[in-house]
Amino acid sequence: MNRKWKFLKIVPLVLLGIAVLGWIVMSLWNWLLPSLFAGVQQIDFLRAIGLLVLCRILFGGFRGRGGWHGGHHRQRWEQMTEEERAKFKDGMRMFRSRGK
């Protein structure tokens, strides 16, 4: 029963978040793109929601992670020996300091 109430509390927040994100996308699109590119039309709210869904499909979620990330990096790190890890860390330090 407790799960049901938690779910019923979260649903309106999710819908409100989607509506706010859709409004932000619509406002930014209508403000920026028609003035930057000739021939680009303004969009309405439903098209802005569709654009959000398309971006979700192409680039990943709204939780701070893109769609291109995978767990294979951690798995590779865990399979390295201590010497390989030290060599990798040294190489990364040299790479970072080279740009300064």
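Numbering starts at 1 and runs along the sequence shown. Because only heavy atoms are used, hydrogens play no part in the values below, and waters and symmetry mates are left out as well, while side chains stay in.
When all heavy atoms of L52 and I18 are compared, the pair lying nearest together is CD1-O, 4.3 Å. Shown here for G22 and A48, the closest heavy-atom pair between the two residues is O-CB, 3.3 Å.
Here the CE-CH2 distance, from M26 to W29, works out to 13.0 Å after rounding to the nearest 0.5 Å. Taken from CG in L28 to CG in L33, the straight-line distance is 9.0 Å, to the nearest 0.5 Å. For the atom pair NZ of K9 and NZ of K6, the computed distance is 9.0 Å after rounding to the nearest 0.5 Å.
Residue F45 places its CZ atom among more than 12 non-hydrogen atoms of other residues, nucleotides or ligands, all under 6.0 Å distant.
Between K87 and E84 there is no salt bridge, since none of the side-chain N atoms of the basic residue sits less than 4.0 Å from a carboxylate O of the acidic one.
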Which pairs would a plain distance check flag for residues 37-44, meaning a side-chain donor or acceptor within less than 3.5 Å of a matching protein atom at least two apart in sequence or in another chain?
unit_1: D44; atom_1: OD1; unit_2: R47; atom_2: N; d: 3.1

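With hydrophobic clusters built from ILVMFWY side chains whose heavy atoms lie under 4.5 angstrom apart, V20 does not share a cluster with L13.
Evaluated for a side-chain contact (heavy atoms from CB on, under 4.5 Å) with T81, the options Q79, E83, R85 yield exactly one hit, E83.
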